[in-house]
Amino acid sequence: MKASFLFIPILMILSCTTKKATESSASANDPHSFARPSEAVAKHLDLDIKVEFESQQISGKAVWTIENKTAAKEIIFDDSQLNIQKITLGPEEKETTFELGKEVEFLGKPLHVAIAPDTKQINIYYSTGKGASALQWLQPQQTAGKKHPYLFTQSQAIAARSWVPCQDSPGIRFTYNARVTVPKELLALMSAENPQAKNSTGVYEFKQVHPIPSYLLALAVGDITFKAVDGRTGVYAEPSVLDKAVYEFADMGKMVTAAEKLYGPYRWGRYDLLVLPPSFPFGGMENPNLTFITPTIIAGDRSLVSIICHELAHSWSGNLVTNATWNDFWLNEGFTNYFERRIDEEIFGKQEAEMQEVFAKQALEETVKDMGATSKDTHLKTDYTNRSPDEGTNDIAYEKGYFFLRAIEEAVGREKFDAFLRNHFDGHAFQSLSTEDFLKDLDQNLIKGDKVLEEKIKVNDWVYGPGIPTNLVAVGSARFKAIDALLADWKKTGVAKGLAKQLSSNNERKYFISGLPAGLSAAQMQVLDAEFNFTGSHNTDIQKAWYVLAIRHGYKAADPQIKNYLLTNGRMWHIIPVYKAYMASPEGAKLAREIYKIARPNYHPMTYQAIDELLK
Ligand code: BES
Ligand code: ZN
């Protein structure tokens with residue numbers, strides 16, 4: 001049924017009433033959601049959906065248990081391209097009216113549903129639209145096994161609304177149960193307690209007993225098998241990828257133990273990984289219980305596994321204590337980078353953590369340079385109103401956020417800071433926090449009115465000021481110092497022979513590449529490549545860094561490998577810089593467009609939307 005015109009007067013009355021101030025930051029104004037949780041808020045989801053590969057549609061019923069706090073006459077959900085067939089109220093399924101509001105750029109539409117003061121249950125019958133931005137439907141040939149289709153979701157930041165009608169704000173949390181029907185030869189997995197093997201019915205049931213925000217709703221369907229790593233960790237992957245993945249991620253149990261030792265118990269039950277097909281648009285995504293990761297980090301030598309430390313850390317920073325809005329995104333990613341490097345330090349030692357920190361500083365400086373040192377977007381507290389929150393996914397949140405926490409650690413000492421963080425996670429478990437909530441907490445529990453300490457940390461400069469504050473901690477790695485000397489030698493002599501055996505890790509190789517001077521000739525690139533074979537590296541961090549240089553310096557011998565890289569890797573932040581480098585010259589742009597024409601059908605909607613923009 002379409003929305004009835006009878007609904008319009010109700011909406012008109014509603015828009016005349018003044019909105020009550022929100023009672024807690026968990027329902028603070030979120031510019032990226034239409035929901036008004038201080039009036040009527042969703043608390044629990046019972047999802048019953050069917051996944052159909054022929055029509056590339058998810059369809060079914062989302063049953064929301066709600067709390068109508070103000071006897072409101074409507075509840076508002078977020079919607080992006082959903083087909084809403086019918087909405088009913090209560091277990092008796094009494095049909096109600098609804099209306100989709102005007103489309104707003106980046107956000108989709110508000111779905112207004114008429115409710116009564118005592119309404120507790122809303123049943124939404126719907127199916128997904130053709131362009132659902134969270135969904136990637138893969139043909140069999142796009143998977144490792146080439147026999148079965150595959151579907152996966154990516155809900156962060158605001159794409160959950162394209163596959164489930166929901167109040168799509170990180171300030172709103174709900175528990176969920178789901179029943180998912182899929183083709184019998186496939187397994188379904190969610191961000192919840194998961195099955196470990198296929199059954200004969202193709203119907204799978206899930207339970208997420210902890211309240212989560214909508215961006216952590218996740219689903220994957222494919223020819224997926226499971227292997228345990230230890231008692232509470234394990235890996236899901238397509239059969240041909242599974243053993244390689246289990247080898248690569250053998251340390252994941254240790255990582256959970258190290259994380260717990262730092263900031264308290266892992267509260268979610270199992271911690272498993274799902275290795276996706278290569279079109280997965282991120283390195284990793286911290287879906288509760290089941291981190292989604294790109295297969296491109298399976299380098300064969302365990303050199304890229306700190307991504308797992310990162311996604312695992314989100315089980316505290318992000319999933320347990322969540323940014324209230326995407327303008328507080330640094331609370332998710334800055335904390336997680338800090339936590340990630342602490343786990344790195346536990347497992348791989350201080351040297352590794354120091355190296356990561358050097359890269360972090362490089363990345364931050366580059367980002368500030370790109371954005372402009374006075375840009376407001378370089379504040380930790382951002383304002384992406386009327387823009388996509390995805391624009392805020394940059395190294396301000398990740399690395400400026402990280403260095404802010406390092407500045408606090410430096411000022412109070414690690415012991416005190418750890419105790420503070422431990423309390424922070426315990427005291428706000430399953431809550432969403434704004435930047436201001438955090439600062440209040442920091443003041444009450446750590447700074448405690450100590451003016452000297454406050455001045456030392458420079459809280460305001462970090463959070464509400466641009467660029468990089470003056471108290472950025474000193475970073476450095478002894479190994480990297482030695483490489484500086486090698487680089488200086490090489491610059492003098494031009495002799496590359498013998499250098500490769502002096503660099504013993506991918507971190508060192510990556511650092512070496514980052515220290516190469518601007519303006520190298522193609523011939524110099526050739527000499528380096530003959531020594532290191534960077535072009536043929538299987539480490540995507542090295543590939544990304546080297547390929548950007550190769551393009552910049554006209555080192556054409558790398559083009560075939562670059563093409564292969566762009567055709568087989570859908571990780572957005574690893575391929576966008578490469579396309580960008582090509583776009584800097586007309587000749588490069590032509591090549592980029594040729595490659596993209598072939599690559600695009602394999603990319604996730606989020607990836608191709610970003611690259612379409614870049615290449616247009
Ligand atoms: N949650 C992010 C990925 C994300 C951010 C998805 C914003 C959508 C919008 C995830 O935890 C992440 O940061 N992934 C990084 C890992 C890296 C920093 C170790 C990635 O994918 O590269
Ligand atoms: Zn992250």
Side-chain angles (χ1 to χ4, degrees), residues 32 106 133-134 136 152-160 162 168 170 191 212-218 249 255 259 273-276 278-288 290-297 303-323 325-344 352-353 356-357 359-360 363-364 367 382 384 387-402 507 510 539-541 544 569-577 604-607 609-610:
H32 297 113
F106 308 118
S133 59
Q136 188 174 16
F152 67 89
T153 65
Q154 168 58 43
S155 297
Q156 196 182 11
I158 54 169
S162 76
D168 198 6
S191 48
I212 59 159
S214 54
Y215 77 90
L216 296 175
L217 274 173
F249 306 124
M255 292 172 185
L273 299 179
L274 169 64
V275 181
L276 284 119
S279 62
F280 183 61
F282 293 96
M285 176 65 214
E286 66 272 26
N287 296 315
L290 186 67
T291 284
F292 283 21
I293 48 162
T294 170
T296 64
I297 64 166
S303 58
L304 294 169
V305 297
S306 63
I307 290 194
I308 308 302
C309 301
H310 179 96
E311 305 313 334
L312 168 67
H314 273 305
S315 306
W316 288 257
S317 45
N319 300 3
L320 193 59
V321 183
T322 309
N323 51 208
T325 75
W326 298 115
N327 287 331
D328 307 295
F329 185 50
W330 77 274
L331 285 178
N332 271 20
E333 298 299 345
F335 269 70
T336 297
N337 265 3
Y338 179 82
F339 196 171
E340 170 196 343
R341 290 177 187 138
R342 292 295 302 275
I343 302 171
D344 280 343
E352 170 69 25
Q356 296 293 350
E357 197 169 63
F359 292 133
L364 176 58
T367 299
T382 55
Y384 283 93
R387 290 186 283 170
S388 163
D390 296 337
E391 269 194 61
T393 309
N394 58 46
D395 279 320
I396 298 306
Y398 282 82
E399 304 300 8
K400 187 176 178 181
Y402 167 76
N507 276 345
K510 189 172 142 189
N539 180 294
T540 55
D541 278 0
K544 177 182 87 166
N569 181 353
R571 185 176 173 187
M572 250 202 274
W573 303 334
H574 270 216
I575 58 176
I576 287 175
H604 187 278
M606 284 179 191
T607 313
Q609 277 158 22

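As the structure lists them, so they are numbered: ligands from 1, and atoms in each ligand from 1.
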Task: Closest heavy-atom pair and its distance - Leu216, Asn287 - done: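 Heavy atoms of Leu216 and Asn287 come nearest at O-OD1, 4.0 Å.
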Open item on the list: Ignoring hydrogens, what is the shortest heavy-atom contact between Val321 and Asn332? Give both atom names and the distance.
Closed with: O-OD1, 4.1 Å
Could you list the atoms of ligand 1 found under 4.0 angstrom from a heavy atom of [X]?
X: Phe329; answer: 5 (C), 7 (C)
X: Thr393; answer: 5 (C), 7 (C)
X: Glu286; answer: 1 (N), 2 (C), 10 (C), 11 (O)
X: Arg571; answer: 20 (C), 22 (O)
X: His314; answer: 11 (O)
X: Ile307; answer: 19 (C)

Nearest protein heavy-atom contact for [atom]: which residue, which atom, what distance?
atom: atom 15 (C) of ligand 1; value: Trp573 CZ3, 3.7 Å
atom: atom 21 (O) of ligand 1; value: Gly283 N, 2.6 Å
atom: atom 2 (C) of ligand 1; value: Glu333 OE2, 3.4 Å
atom: atom 10 (C) of ligand 1; value: Gly284 O, 3.2 Å

Please indicate whether any nitrogen or oxygen in [X] is less than 3.5 Å from any nitrogen or oxygen in ligand 1.
X: Asn337; answer: no
X: Phe282; answer: no
X: Tyr398; answer: yes
X: Ala157; answer: no

Task: Options Glu340, Gln156, Gln154, Glu311, ranked by nearest heavy atom to atom 11 (O) of ligand 1, top entry - done: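 Of the listed residues, Glu311 has the closest heavy atom.
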Open item on the list: Can you classify the ring geometry of Tyr215 versus Trp326 as parallel (below 30°), tilted (30 to 60°) or perpendicular (above 60°)?
Closed with: perpendicular
TODO: For the residue pair Trp573 and Tyr398, categorise the inter-ring angle as parallel (less than 30°), tilted (30 to 60°) or perpendicular (more than 60°).
DONE: perpendicular
Pair [X], [Y]: side-chain N/O donor-acceptor within cut-off below 3.5 Å:
X: Thr393; Y: Asp390; value: no
X: Asn539; Y: Ser303; value: yes
X: Glu286; Y: His310; value: no
X: Tyr402; Y: Glu357; value: yes
X: Thr540; Y: Thr296; value: no

Open item on the list: Tell me if the aromatic rings of Phe152 and His604 count as close, with their centers under 6.0 Å from one another.
Closed with: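 For Phe152 and His604, the ring centres are under 6.0 Å apart.
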Task: Whether Glu333 has an N, O or S atom under 2.8 Å from the Zn ion (ligand 2) - done: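 Yes, within the cut-off.
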Task: For ligand 1, the portion of His310 having any non-hydrogen atom under 4.0 Å away - done: side chain
- [ ] Kindly indicate whether a cation-pi arrangement holds for Arg571 with Phe282, taking the cut-offs as under 6.0 Å to the six-membered ring centre and within 45° of the axis.
- [x]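 Judged by the rule (NZ or CZ under 6.0 Å from the ring centre, within 45° of its axis), Arg571 is not positioned above Phe282.
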